[in-house]
Visitor: 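Following this message is one structure expressed as structure tokens.
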Amino acid sequence: MKIGIDKLAFATTDKYMDLRELAAARNVDPDKYTIGIGQDLQAVVPPTQDIVTLAAAAAQKLLTPAIAQRISTVIVATESGIDNSKAAAIYVKHLLGLGDFVRTVELKEACYSATAGLQFARGIVALNPQEEVLVIAADIARYGLNTPGEVTQGAGAVAMIVSQNPRVLAIEDTSVSLTKDIMDFWRPLYATEAFVDGKYSTSVYIDCFREVLTRYQQLTGRPLADFSALLFHLPFTKMGKKALEAVLGDRADATAERFRRALAASQAACRQVGNLYTGSLYLALMSYLQNGEAQAGDRLGLFSYGSGAEGEFFTGILQPGFADYVLPLSSALRDRQQVSVAEYERLFNQQLGMTAEDINFSTEGDSAPFVLAGQKDHQRQYRAN
Ligand code: COA
């Protein structure tokens with residue numbers, strides 16, 4: 001039985017900042033951001049948005065009444081959790097109006113956990129082929145104002161339906177996971193921004209990619225030429241280039257050039273929103289499917305990485321008609337309003353964060369379908385907008 005991704009959709013906030021303006025404000029050459037790091041625009045997050053509202057906005061695009069009926073499980077993968085106990089998936093289930101006979105859970109392992117969610121979903125569908133699983137990767141990447149990581153912030157969610165006979169990507173059985181206990185990026189319970197050793201994280205990312213790819217090739221005997229594209233978790237788009245070139249070296253044959261073109265296509269959307277943490281690999285997949293040379297029958301290789309650290313290399317075969325089930329990125333990226341650096345800083349400092357106070361947010365300036373209206377009696381107040 002084929003099992004995999006049946007449909008994908010993306011949502012981000014309705015505000016963005018031009019990173020050349022951030023470069024000017026931080027007294028940095030703009031080429032460092034746009035060429036050296038590989039980011040052009042960054043999603044700006046108003047206090048009325050969090051991972052629940054972003055996740056619900058992405059998932060809502062996928063749902064029809066019939067699909068909603070078939071969803072047995074909602075998995076929200078995130079490292080920007082809003083509660084240490086209650087799963088974000090419960091709030092999302094409520095906002096989406098799903099029936100009560102559904103399983104809901106939240107997964108965490110830095111930027112990796114949506115891939116665990118996909119694999120768990122495959123298991124559920126293998127045991128119960130009539131069921132469909134909604135897997136949502138939702139995050140807000142926050143490194144802090146005036147930090148080296150600031151240029152690699154971002155926000156958004158990718159929602160996926162996992163089912164039998166998938167219409168986008170049939171995931172193949174062989175995958176390689178790797179876990180090592182290292183401290184390249186983490187966020188203690190008392191912190192709203194991550195601690196990160198940026199340079200170390202980029203080198204362990206590359207080492208992890210090499211290790212899982214090598215082992216995959218040992219297990220399968222499959223040459224790189226069997227792939228039409230390798231897709232990467234993109235915390236910033238240069239990261240994918242670093243990893244790809246670490247494997248290609250000075251190769252300039254048809255396979256290597258095809259991979260380089262595919263990487264550029266996968267980077268296009270990520271350049272415009274920044275890091276989605278759990279969602280970045282899946283935004284790269286959507287971006288490749290909408291901007292690249294993808295064709296039904298192609299085999300794609302996907303590298304998922306989460307600091308801490310865990311990596312997985314897995315593969316899938318594109319299905320006939322896949323393009324119809326990858327919801328257009330253009331509307332989410334186009335229907336946004338540019339804000340100044342000063343406005344970004346103001347909104348950054350307005351996030352609900354760790355406060356225990358009651359608070360009401362004005363939701364007037366937010367055009368998203370779901371909003372966080374504030375906090376009352378220690379409970380977040382979500383509503384349709
Ligand atoms: N024009 C073009 N490129 C320029 C430039 C200019 N004027 N100035 C600098 N660059 C290049 C550098 O050569 C470097 O390229 P390289 O990485 O290919 O060597 C790149 O821009 C970044 O410059 P660098 O000085 O190394 O950046 P930094 O010290 O500000 O840190 C990160 C960059 C990515 C480490 C930092 O943003 C970070 O910590 N991000 C969060 C962590 C993360 O995302 N990790 C990923 C793994 S999960």
Side-chain angles (χ1 to χ4, degrees), residues 17 19-43 77-80 108-115 137 139-156 178-187 191-212 231-249 260 263-264 266-267 270-271 273-284 302-313 348:
M17 163 174 65
L19 291 175
R20 284 166 303 194
E21 292 190 3
L22 182 69
R26 301 290 180 253
N27 212 11
V28 170
D29 181 345
D31 287 354
K32 172 174 175 181
Y33 289 177
T34 58
I35 301 169
I37 304 268
Q39 293 300 130
D40 297 325
L41 310 177
Q42 184 174 104
T78 188
E79 56 175 305
S80 323
K108 176 176 69 187
E109 172 14 49
C111 303
Y112 164 74
S113 65
T115 302
D139 267 302
I140 295 176
R142 270 174 78 91
Y143 288 95
L145 302 178
N146 238 321
T147 61
E150 183 179 33
V151 62
T152 67
Q153 296 176 146
L178 178 83
T179 297
K180 291 187 179 178
D181 184 2
I182 58 168
M183 298 302 282
D184 58 333
F185 173 111
W186 68 102
R187 184 163 65 86
T192 52
E193 279 104 50
F195 288 65
V196 60
D197 184 340
K199 293 277 157 57
Y200 181 50
S201 72
T202 59
S203 84
V204 291
Y205 174 117
I206 293 169
D207 292 346
C208 181
F209 173 56
R210 284 181 196 271
E211 269 189 76
V212 290
L231 301 171
F232 296 87
H233 164 54
L234 296 176
F236 54 99
T237 69
K238 181 76 162 291
M239 189 67 246
K241 181 173 160 62
K242 285 174 188 272
L244 182 63
E245 296 303 336
V247 168
L248 294 182
R260 291 188 178 105
L263 178 71
S266 73
Q267 291 167 324
C270 305
R271 277 186 161 275
V273 282
N275 195 354
L276 304 193
Y277 287 163
T278 48
S280 287
L281 170 62
Y282 299 97
L283 180 60
L302 295 94
F303 174 61
S304 181
Y305 176 80
S307 292
E310 180 161 5
E312 180 165 342
F313 184 77
F348 190 94

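The model shown is predicted, which means the values in this text are computed figures rather than measured ones. Atoms within each ligand, like the ligands themselves, are counted from 1 in listed order.
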Visitor: Is the closest N or O pair between Asn275 and ligand 1 shorter than 3.5 Å?
Guide: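 Among all N and O atoms of Asn275, none is under 3.5 Å from an N or O of ligand 1.
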Visitor: Would a 4.5 Å heavy-atom cut-off, applied to side chains only, mark Tyr277 and Phe185 as touching?
Guide: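 Side chain of Tyr277 against side chain of Phe185, heavy atoms only: contact under 4.5 Å found.
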Visitor: Would you say atom 21 (O) of ligand 1 has a protein heavy atom nearer than 4.0 Å?
Guide: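 At least one protein heavy atom is under 4.0 Å away.
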Visitor: Distance alone, cut at 3.5 Å: any donor-acceptor contact between the side chains of Thr115 and Tyr282?
Guide: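 Note: Thr115 and Tyr282 side chains meet the donor-acceptor criterion.
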Visitor: Which atoms from ligand 1 have a heavy atom of Lys238 less than 4.0 Å away?
Guide: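 Selected atoms, number and element: 15 (O), 16 (P), 18 (O).
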Visitor: Is there a nitrogen or oxygen of Thr202 sitting under 3.5 Å from a nitrogen or oxygen of ligand 1?
Guide: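 In fact, backbone or side chain, Thr202 has no N or O that close.
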Visitor: Are Glu79 and Lys108 ion-paired here, with the side-chain N under 4.0 Å from a carboxylate O?
Guide: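 The answer is no: the pair does not qualify as a salt bridge.
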Visitor: Is Glu310 salt-bridged to Lys180, going by a charged N under 4.0 Å from an acidic O?
Guide: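 A salt bridge is absent here (no side-chain N lies under 4.0 Å from a carboxylate O).
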Visitor: Quick one: which ligand 1 atoms are inside 4.0 Å of a heavy atom on Gly149?
Guide: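 The atoms of ligand 1 under 4.0 Å from a heavy atom of Gly149 are 37 (O), 38 (C), 40 (N).
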Visitor: Which residues pass the salt bridge (Lys or Arg N to Asp or Glu O under 4.0 Å) test with Asp184, sequence neighbours left out?
Guide: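 Residues passing salt bridge (Lys or Arg N to Asp or Glu O under 4.0 Å) with Asp184: none at all.
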Visitor: Can you name the residues that form a ring pair (Phe, Tyr, Trp, His ring centres under 6.0 Å) with Tyr305, not counting sequence neighbours?
Guide: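 With sequence neighbours excluded, Tyr305 shows a ring pair (Phe, Tyr, Trp, His ring centres under 6.0 Å) to Tyr205, given in chain and number order.
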Visitor: Got the closest protein heavy atom to atom 23 (O) of ligand 1, with its distance?
Guide: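 Answer, as residue, atom name and distance: Lys32 CE, 3.5 Å.
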Visitor: Consider only side-chain N and O atoms of Ser80 and Asp139, and report whether a donor and an acceptor are under 3.5 Å apart.
Guide: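 A donor-acceptor contact under 3.5 Å links the two side chains.
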Visitor: Heavy-atom distance from atom 46 (C) of ligand 1 to the protein below 4.0 Å?
Guide: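 Yes, because at least one protein heavy atom sits under 4.0 Å from atom 46 (C) of ligand 1.
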Visitor: Check each atom of ligand 1 against the heavy atoms of Asp29 and keep those under 4.0 Å away; list them by number with element.
Guide: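 Checking each atom against Asp29, I get 7 (N).
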Visitor: Should His233 be counted as touching ligand 1, given the test is an N or O pair under 3.5 Å?
Guide: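 In fact, backbone or side chain, His233 has no N or O that close.
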Visitor: May I ask you to test the Leu281-Phe303 pair for a side-chain heavy-atom distance under 4.5 Å?
Guide: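 No. Closest side-chain heavy atoms not under 4.5 Å.
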Visitor: How close does the nearest protein non-hydrogen atom get to atom 16 (P) of ligand 1, and which residue and atom is it?
Guide: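 Atom 16 (P) of ligand 1 sits closest to the protein heavy atom Lys242 NZ, 3.3 Å.
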Visitor: Is the closest side-chain heavy-atom distance between Gln153 and Asn275 below 4.5 Å?
Guide: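 No - every pair of side-chain heavy atoms lies 4.5 Å or more apart.
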Visitor: Under 4.0 Å, heavy-atom basis, I'd like to know which part of Phe185 is in contact with ligand 1: side chain, backbone, both or neither.
Guide: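 Answer for Phe185: neither.
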Visitor: Please identify which atoms of ligand 1 are closer than 4.0 Å to at least one heavy atom of Thr152.
Guide: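 Those atoms are 37 (O), 40 (N), 41 (C).
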Visitor: Going by heavy atoms in the side chains, are Leu248 and Arg260 under 4.5 Å from each other?
Guide: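 Yes; the side chains approach each other to less than 4.5 Å.
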Visitor: Tell me which protein heavy atom sits closest to atom 12 (C) of ligand 1, plus the residue, atom name and distance to 0.1 Å.
Guide: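 Of every protein heavy atom, Gly36 CA, 4.9 Å lies nearest to atom 12 (C) of ligand 1.
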Visitor: Would you mind checking which non-hydrogen protein atom is closest to atom 32 (C) of ligand 1, with the distance to 0.1 Å?
Guide: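 Answer, as residue, atom name and distance: Ile37 CD1, 4.5 Å.
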Visitor: Do any nitrogen or oxygen atoms of Lys199 come within less than 3.5 Å of a nitrogen or oxygen of ligand 1?
Guide: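 Yes, at least one N or O pair falls under 3.5 Å.
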Visitor: For Pro148, is at least one N or O under 3.5 Å away from an N or O on ligand 1?
Guide: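 Right, the criterion is met.
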Visitor: Evaluate the side-chain proximity of Glu312 to Leu178: yes if any heavy-atom separation is below 4.5 Å, no if none is.
Guide: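 No - every pair of side-chain heavy atoms lies 4.5 Å or more apart.
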Visitor: Who's closest to atom 35 (C) of ligand 1 heavy-atom-wise, of Pro30, Gly274, Gly198?
Guide: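 Among Pro30, Gly274, Gly198, the closest heavy atom to atom 35 (C) of ligand 1 belongs to Gly198.
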Visitor: Backbone, side chain, both or neither: what part of Val196 comes under 4.0 angstrom of ligand 1, heavy atoms only?
Guide: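 Under 4.0 Å from ligand 1, Val196 contributes side-chain atoms alone.
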Visitor: Among protein heavy atoms, which sits nearest to atom 2 (C) of ligand 1, and what does the distance come to when rounded to 0.1 Å?
Guide: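 Looking only at protein heavy atoms, the one closest to atom 2 (C) of ligand 1 is Asp31 O, 3.5 Å.
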Visitor: To the nearest 0.5 Å, how far apart are CD in Glu245 and CG in Leu263?
Guide: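 That separation rounds to 8.0 Å.
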Visitor: So is there a nitrogen or oxygen of Ser201 less than 3.5 Å from a nitrogen or oxygen in ligand 1?
Guide: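 Between Ser201 and ligand 1, an N or O pair is found under 3.5 Å apart.
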